[in-house]
Amino acid sequence: MAEPGGGRPVTVSDVQQLVRRKDEIEAQIKACYELLEGQKGVGMHEPLVDAEGFPRADIDLYQVRTARHNIICLQNDHKALMKQVEEALHKLHAREKEKHAKDEAEALAEAMSQNQSLPQAFAKVNAVTPGSPASVSGLQVDDEIVEFGSVNINNFQNLQNIATVVQHSEGRPLSVTVIRGGRRVHVGLTPKRWAGKGLLG
């Protein structure tokens, strides 16, 4: 069937309109059958002539013929309409399914791109001493370090690299980037002497 409105997608209101039309046709068919019932119960196939072959005088022949003709036409319309309703529903469901699949694919693509855009970590924070420079800067246990000053995944060899950067940066803020809960977080960390061991804690 040509989609209603010339090529635009089928909508729920299109289907509702078709269903309303179907209900109207069913009501018209019922009315025609009631009219036949009222004519001495002649249905669709009772003869309209008497035993001698004369038109029956006890019924309104014109009304009966018209009602029968209308019923046949309306039933054909009804059949065509039911096919339209069915096709429209199929299209509607297919579109819903397609939309759902598209939404899922987009959500997945977004999640993938977020994962891809997260840089590789080279170290993980396993302890932060309360009151230490690391603690004051907002560094947290389980933060995964991706950048520590000039150190990153590409030039990191061992923890000595970080220790060197820390010693050279005493009293100067260092830019530290960590991954926390799947998100990139920037922390400003200033290595300095404090009550505990080292310059970070």
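The figures here come from the full heavy-atom set of this structure, side chains too, leaving out hydrogens, waters and symmetry mates.
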Any idea which heavy atoms bring T190 and P173 closest together, and the distance?
OG1-CA, 3.5 Å
So with a 6.0 Å cut-off around NE2 of H186, is the heavy-atom count from everything else above 12?
yes
Using the rule that two of Ile, Leu, Val, Met, Phe, Trp, Tyr join whenever any of their side-chain heavy atoms come within less than 4.5 Å, decide whether V178 and V141 are in one cluster.
yes
Would you say the side-chain atoms of R56 pair up with the backbone N or O of P47, donor to acceptor, closer than 3.5 Å?
yes
Side-chain contact, heavy-atom cut-off 4.5 Å: I29 with Q75?
yes
Does C73 offer a backbone N or O that forms a donor-acceptor pair with the side chain of N76 under 3.5 Å?
no
Min side-chain heavy-atom separation R21-E24 under 4.5 Å
yes
Are I145 and F156 packed together at the side-chain level, in the sense that at least one heavy-atom pair is separated by less than 4.5 angstrom?
no
Restricting to non-hydrogen atoms, name the atom on R65 and the atom on L48 that form the minimum distance, rounded to 0.1 Å.
CG-CD1, 3.9 Å
Going from OG1 on T66 to CG on L36, what distance comes out if it is rounded to the nearest 0.5 angstrom?
10.0 Å
State the NZ-CG distance between K79 and L74, to the nearest 0.5 angstrom.
14.5 Å
Where the side chain of Q167 meets the backbone of T164, is there a donor-acceptor pair that is under 3.5 Å apart?
no
Please name the pair of heavy atoms, one in V125 and one in V128, separated by the smallest distance, quoted to 0.1 Å.
CG1-CG2, 3.5 Å
Would you say R68's side chain and G43's backbone share a donor-acceptor pair under 3.5 angstrom?
yes
Linking I/L/V/M/F/W/Y whenever any side-chain heavy atoms sit under 4.5 Å apart, do L139 and V136 land together?
no
Using side chain to side chain contact (heavy atoms under 4.5 Å, CB included), reason through L61 and I59 one step at a time and then give a plain yes or no.
CA-CA 6 Å; L61 286 174; I59 56 175; 4.0 Å; yes
CD (E170) and NE2 (H168) are apart, to the nearest 0.5 Å, by 11.5 Å
I72 with Y62, same ILVMFWY side-chain cluster at under 4.5 Å:
no
Given N154, I162, V146, the one that forms side chain to side chain contact (heavy atoms under 4.5 Å, CB included) with F122
I162
Can you see which heavy atom on A88 is nearest to which on L18, and at what distance?
CB-CD1, 4.0 Å
Evaluate the salt bridge (Lys or Arg N to Asp or Glu O under 4.0 Å) criterion for residues E26 and K30: first the C-alpha distance (whole Å), next the side-chain angles of each, then the deciding distance (0.1 Å), finally the verdict.
CA-CA 6 Å; E26 284 170 359; K30 186 166 177 277; over 6 Å; no
Residue pair N161 / N155, side-chain heavy-atom distance below 4.5 Å
no
Thinking salt bridges, do K83 and E86 make one under a 4.0 Å N-O criterion?
no
Interatomic spacing from CD in Q140 to CZ in R180 - rounded to 0.5 Å
3.5 Å
Polar side-chain atom of D50 near backbone of A57 as donor-acceptor pair, under 3.5 Å
no
Report the distance from atom NZ of K91 to atom CD of Q84, rounding to the nearest 0.5 Å.
9.5 Å
Is it true that V10 and L89 fall in one hydrophobic cluster, defined by side-chain heavy atoms closer than 4.5 Å?
yes
For the hydrophobic clusters of this structure (ILVMFWY residues joined by side-chain heavy atoms under 4.5 Å, transitively), does one cluster hold both L92 and L81?
yes
For a quick test of reading the model, state the closest non-hydrogen atom pair linking I71 to C32 and the distance between them.
CG1-CB, 3.3 Å
Just verifying a value: how many Å separate K22 NZ and R20 CZ, rounded to the nearest 0.5 Å?
12.5 Å
Closest approach of T129 to S135 (non-hydrogen atoms, all atoms of both residues)
O-CB, 3.3 Å
